[in-house]
Q: 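Encoded as C-alpha cells, here's the structure I'll be asking about.
The chains referred to below are lettered A, B, ... by the order of the sequence lines, with proteins before strands, and numbering in each begins at 1.
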2 protein chains.
Amino acid sequence: MVRKDFMLRLMKYKRVLIQLRSLGFERVFSNNLGDAIGISAALVRKDLARIEMQGNRRGGYSIDAMLERLNRLLGGKEAQEAILVGCGNLGRALLNHEAFYKEGIKLVAGFDLVPPHSDIVGIPIYSMDELEDFINTRQTKVALLTVPTAAAAEVRDRLLRAGIRGILNFAPMELKCTGDCVIHNVNIGLEIENLFFLVNSLEDREAREGDSPVNCLSEGTTI
Amino acid sequence: MVRKDFMLRLMKYKRVLIQLRSLGFERVFSNNLGDAIGISAALVRKDLARIEMQGNRRGGYSIDAMLERLNRLLGGKEAQEAILVGCGNLGRALLNHEAFYKEGIKLVAGFDLVPPHSDIVGIPIYSMDELEDFINTRQTKVALLTVPTAAAAEVRDRLLRAGIRGILNFAPMELKCTGDCVIHNVNIGLEIENLFFLVNSLEDREAREGDSPVNCLSEGTTI
DNA sequence: TTATTATTGTGCCGATTGTAACAACAGATG
DNA sequence: CATCTGTTGTTACAATCGGCACAATAATAA
C-alpha cells in the first residue's frame, strides 16, 4: 500500500534513464528526473538515497550506475515470463500489445477454454486443460487474468494452486488473494468512472468561478 | 493526488452496494463493506461520515440511502458518453468490453486512421478526419486513448484542442497535460513489472526466512 | 591556492492517512 | 422498566509522505 508509489517511481526513473541514455546522455540531475515524471527534485533525491544510489555533488548521477542498480532491484534485464489466461478480446489484444516486448516482459503462452485453431501472434494458445502442466514445467510465477467476471475467482484459485504467485486481474471485480501471493486489480471501468467524476468537478468549478485558474491534473497509473 | 484513493473507495462501495442490493439486502455494516473491499471498518465509517452518510447505531447503513448519495456524488446513473481513439487490438477489445455497459459508461464511437469496413460491435468507427466534428456536436468530454506510443502526444493535443477534458491513456508513455484537463495513465507494462518485483521479493523473503508467515498482498487498481 | 557555483544529501515540518480505542446510542431481551 | 449487546461516530495517535531549506561538497575558474 505504501511503498507501491515508491516502486512505481523507481520504474519510471528507469524508463526515463533508458531514454536519456539512448540519446547519448551519461549523467542526470535530480531535477531532470523530477521534471520528467512530474515530481519534485527533492523527492527524487530522497528516493535515490533510499536505494543507496549516490551521485556526484556537482555532476549529478551516473545514468549507467543508476540503471544497473535499478535493474538489480526491479528484477534485472532478462525478460520475465508470464502467461495469460482468458483469450477473449481483451486477452488477445494484450497478447500482442506493443509495450511488453520493449519492457522486459514476455508473454509465453495464452490459455482459453476454446483455443483458436491457429496462433494469432506467434504466442501459442493452449487449452485450459494444459494449464497446470505448463505452469509446473515452466515454473511460471505471474499470470494475467482476462477471463469473464463470473469465472475470475475460480480461475484465480486454480492458478494459485498451480503455483502462480502474482496475478494481474482485469475482470471488473475486486479479486482478493488467499495464500502467499500478490493480486493487482486493473479495473478499467473504475478508471473511467473516476475520470468522469474529475472532469465533472472540473467543469462545475469553472462554471461556479467564472474564469478558473489553470488546473491541470495528470496522474499516473492507478497501478 | 490525495483524494483519488478516497474517491476510488467510494466507487467500490457503490459496486458492492449494488451487488448486495441485488441479493436482497437492505442494510449494511461498516465491517461488511470493509471486508468486501479489503480495508478496515473504521476507515469505512470515516469515509461515510465524510460524505455525510449517517447510519443507524444498531442497524448499520441503509443501502438505498447510501446508493442515492453515492450516485449524486459520483455523477448519477445516466450513462456517460466517451469515445475511443485508436482502434488497434487493444482499442477494439475495449470497444466491446463487458464491464462498461454495466457500469454506466457508454463508448459511443471509435476513431482510427483506417476505419474498418464494417462495424464490429455496433459501435461505429469513424475516420480520424471526423474526430473534431464529432466531439464538437456530441460535446464529448472524455476519451480513451489507445493509439501507438509514437502518436500519443500528438493525438492528445488534438483531443484537448477539440474540447476533450479527460483522457485515459493506455500508451506506455506518461502523458502529461497541457491545459485544464485530467489525464490518467494506465500503464499495463508497469503493472506487470511491479507484479514481478513483488513476487520476486516474496520469494526472496521466503527463501531467506525459511517458512514465511502468511503474507498476502491484494491491492486495488493503481489507477 | 582560493573563491565561486551548482548540485547533492539531509534534517525538519506540515499535511494527510489509516488505525485504535472508546463513548454514545438504538434496539433487543427479559 | 432495566440491562445488555452490537454498531456507529469521533477523538487521539502513530506513521508516512513529500516539500523546503540549508549545510556539505565536488568541480571549476581565477
Q: What is the separation between atom CZ on A:R50 and atom P on C:dG11, rounded to the nearest whole Å?
A: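 Taking CZ of A:R50 and P of C:dG11, I get 15 Å after rounding.
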Q: Let me know the distance between CG of A:N32 and C1' of C:dT8, rounded to the nearest Å.
A: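 From A:N32 CG to C:dT8 C1': 13 Å.
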Q: Is any side-chain N or O of B:R9 closer than 4.0 Å to OP1 or OP2 of C:dG18?
A: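 The answer is yes; a side-chain N or O of B:R9 sits under 4.0 Å from OP1 or OP2.
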Q: Contact between B:I135 and B:L131 at the side-chain level, heavy atoms closer than 4.5 Å - yes or no?
A: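 Counting from C-beta outward, B:I135 and B:L131 do come under 4.5 Å.
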Q: Can you name the closest pair of heavy atoms from A:M11 and B:N194 and give their distance?
A: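 Between these two residues, the closest heavy atoms are CE-CA, 3.2 Å.
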Q: Does A:Y61 have A:R27 sitting over its ring (NZ/CZ under 6.0 Å from centre, angle to axis within 45°)?
A: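 Ring-cation test returns no.
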Q: Only counting residues at least two apart or in another chain, list the ones meeting salt bridge (charged side-chain N to carboxylate O under 4.0 Å, His left out) with A:E26.
A: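 Partners of A:E26 by the salt bridge (charged side-chain N to carboxylate O under 4.0 Å, His left out) criterion come out as none, since no residue qualifies.
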Q: If you compare all heavy atoms of B:K141 against all heavy atoms of B:G163, which two are closest, and at what distance to 0.1 Å?
A: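 Scanning both residues, the minimum pair turns out to be NZ-O, 3.8 Å.
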Q: Can you tell me the distance, in whole Å, between the CD1 atom of A:I37 and the C1' atom of D:dG18?
A: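 So the two atoms are 13 Å apart, to the nearest Å.
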Q: Rounded off to whole Å, could you give me the CZ-to-P distance for the A:R45 and C:dG11 pair?
A: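 For the pair A:R45 CZ and C:dG11 P, the rounded distance is 14 Å.
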Q: Considering only D:dA21, C:dA20, D:dG18, which nucleotide approaches the side chain of A:L43 most closely?
A: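 Given the options D:dA21, C:dA20, D:dG18, the side chain of A:L43 is closest to D:dG18.
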Q: If you measure from the Lys or Arg side-chain nitrogens to the Asp or Glu carboxylate oxygens, is any gap between B:R15 and A:E193 under 4.0 Å?
A: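 So B:R15 pairs with A:E193 through a salt bridge.
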Q: Counting only non-hydrogen atoms, which of residues 18-31 of chain B are less than 4.0 Å from DNA chain D?
A: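 Close to the strand are B:F29, B:S30.
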Q: Does anything in residues 56-63 of chain B reach DNA chain C, meaning a heavy atom under 4.0 Å, and if so which residues?
A: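 Nucleic-acid contacts, sorted: B:N56, B:R57, B:R58.
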Q: Rounded to the Å, how far apart are B:D47 CG and D:dT8 C1'?
A: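 My rounded result for the distance is 14 Å.
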Q: Looking at B:S40, does any N or O in its side chain come under 4.0 Å of the phosphate oxygens OP1/OP2 on C:dT19?
A: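 For B:S40, the contact criterion (side-chain N or O under 4.0 Å from OP1 or OP2 of C:dT19) is met.
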Q: Roughly, in whole Å, what's the span from CD in A:Q54 to P in D:dA24?
A: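 For the pair A:Q54 CD and D:dA24 P, the rounded distance is 18 Å.
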Q: Considering the options B:V16, B:L20, B:V44, which one meets the side chain to side chain contact (heavy atoms under 4.5 Å, CB included) requirement together with B:V28?
A: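 Checked B:V16, B:L20, B:V44 against B:V28; only one passes side chain to side chain contact (heavy atoms under 4.5 Å, CB included): B:L20.
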Q: Whole angstrom is fine here: how far is it from CG in A:L10 over to C1' in D:dC17?
A: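 Nearest whole value for this atom pair: 15 Å.
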Q: Give me the atom names and distance for the closest heavy-atom approach of B:L195 to A:I167.
A: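 Smallest interatomic distance, heavy atoms only, reads CD2-C, 3.5 Å.
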Q: Could you tell me whether B:E132 and B:R161 have a side-chain N and a carboxylate O separated by less than 4.0 Å?
A: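 Salt bridge between B:E132 and B:R161, a charged N being under 4.0 Å from a carboxylate O: no.
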Q: Given atom CE of B:M7 and atom P of C:dT16, what is their separation to the nearest angstrom?
A: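 One finds 16 Å between P of C:dT16 and CE of B:M7, rounded.
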Q: Could you check which of D:dG18, D:dT10, C:dT10 has an atom nearest any side-chain atom of B:K46?
A: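 For the B:K46 side chain, the nearest candidate turns out to be D:dT10.
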